[in-house]
Every structure is written in C-alpha cells, then in structure tokens.
Amino acid sequence: MDALSADLPAARILAAIRDVPRGAVAGYGQIARRAGLPGRARMVARLLAGNGDDTLPWHRILRSDGRIAFPPDSPGFREQVRRLRAEGVVVEKGRVRMPRGDAGDLDAALWGPDA
DNA sequence: GAAATGACGCGTT
DNA sequence: GAACGCGCCATTT
C-alpha cells in the first residue's frame, strides 16, 4: 500500500473511541456515526478485534442495547466487565445500566456525551 | 468472482 | 423481555 495511504476511516473510528470519557460507554454504531461512517458498526468491531492497542478503551464499547458484545462465558466478557466496574460503570447480567433518569449514579454523560 | 464469517443494528414475533 | 430473521459492511477463504 502507498506510504501516503492514511486510513482515514480507521483513524477516525479510533479517535472517536478515544474520545469516550472514562466511566462512560458507547455503542458500535454510535462510534461509527461519530466517526462520520454511518452503518459501519461492524467495521468498528473488526478494528477493536485486531487493534491490539491497550491504550484504547475498547471496554467502553458495547452493543446498541448496552449489552457486552462477547458471550457471557468468554474471557473477553469477563475482562470487559472487570474493566468497566473498575471505572465505576454498573454492569448487571452482562448489561450496562443505561442512564434512565433514575438514581443519579452516573450523572448522564453516559450513553452519548454529545446528546 | 462467489460464498462464508464476524466484538453489529433494527424490526417482528 | 427473549428469540428469530434480515440487512449492512469489510475481510478472508
């Protein structure tokens, strides 16, 4: 590939993920949309799967339903839950507590800091 | 070039 | 609320 071939899409997605504040979570499609690539939710997943970057908050990326993308028995699942809880995110049954206006555990910044 | 795969999303049942 | 099916995208076989 050309030396000048800058993966704009990938770079944009990674940037969007990095932009998620600590203690907050975002969805694949949401990240893709934020990166200017609507419908590329799957591309986000593929990137996280093969990025290998520890500095990237991949654990803050969940499905649109707020559920962990990994199967409940998978090691990745446990790792993600572990990391989220370490940041103060409430995870119950493999699902992240959505900012339902109830108990102000998480002020709101969660499901969409730009909302 | 077609078929299969995958850390997805949404509407229906 | 859970299970099922179809659509969408990019990479791999």
Side-chain angles (χ1 to χ4, degrees):
Chain A
M1 47 203 311
D2 311 298
L4 284 176
S5 69
D7 297 328
L8 271 297
R12 262 192 118 14
I13 291 172
L14 293 173
I17 295 171
R18 272 181 214 272
D19 213 27
V20 179
R22 182 180 171 285
V25 293
Y28 293 87
Q30 199 139 21
I31 291 294
R33 186 174 267 201
R34 225 169 180 218
L37 306 161
R40 276 78 181 163
R42 250 172 156 153
M43 192 170 156
V44 177
R46 209 188 79 70
L47 276 167
L48 288 177
N51 70 345
D53 191 333
D54 289 344
T55 67
L56 198 76
W58 59 272
H59 55 271
R60 291 183 198 149
I61 312 304
L62 314 166
R63 284 201 183 178
S64 56
D65 299 354
R67 268 210 201 179
I68 305 285
F70 285 96
D73 315 5
S74 209
F77 174 92
R78 284 208 223 136
E79 186 65 29
Q80 185 161 11
V81 175
R82 199 171 122 79
R83 278 195 163 208
L84 286 170
R85 282 187 176 164
E87 291 190 355
V89 179
V90 181
V91 184
E92 190 62 43
K93 291 192 203 67
R95 160 170 19 171
V96 173
R97 197 63 99 80
M98 296 270 236
R100 279 273 201 179
D102 70 294
D105 281 56
L106 300 168
D107 266 349
L110 253 43
W111 204 243
D114 59 322

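Since the model is a prediction, treat every value here as computed from it, not as a measurement. We name chains A, B, ... by the order of the sequence lines, and we start the count at 1 in each one.
Atom CG of A:Leu47 is separated from atom C1' of C:dC9 by 12 Å (rounded to the nearest Å). Rounded to a whole Å, the CZ atom of A:Phe70 is 7 Å from the P atom of B:dA7. Rounded to whole Å, atom C1' of C:dG1 lies 16 Å from atom CD of A:Glu92. Between the CD atom of A:Gln30 and the C1' atom of B:dA7 there is a distance of 17 Å, given to the nearest Å. To the nearest angstrom, P of B:dC8 lies 20 Å from CZ of A:Arg34. Going from atom CZ of A:Arg33 over to atom P of B:dC10 covers 8 Å, rounded to whole Å.
Considering only side-chain atoms of A:Arg95, the nucleotide from B:dC8, C:dC9, C:dA2 that sits closest is C:dA2. Here the side chain of A:Ala41 is nearest to one of C:dC8, B:dA7, B:dG9, namely B:dG9.
Phosphate contact (OP1/OP2 of C:dA10, side-chain N/O of A:Arg40, threshold under 4.0 Å): present. The phosphate of B:dA7 (OP1 or OP2) has no side-chain N or O of A:Ser74 nearer than 4.0 angstrom.
Where A:Arg67 and A:Gly39 meet DNA chain C, the nucleotide closest to each residue was compared, and A:Arg67 sits on the side nearer the 5' end.
Base contact: A:Arg42 has a heavy atom under 4.0 Å from a base atom.
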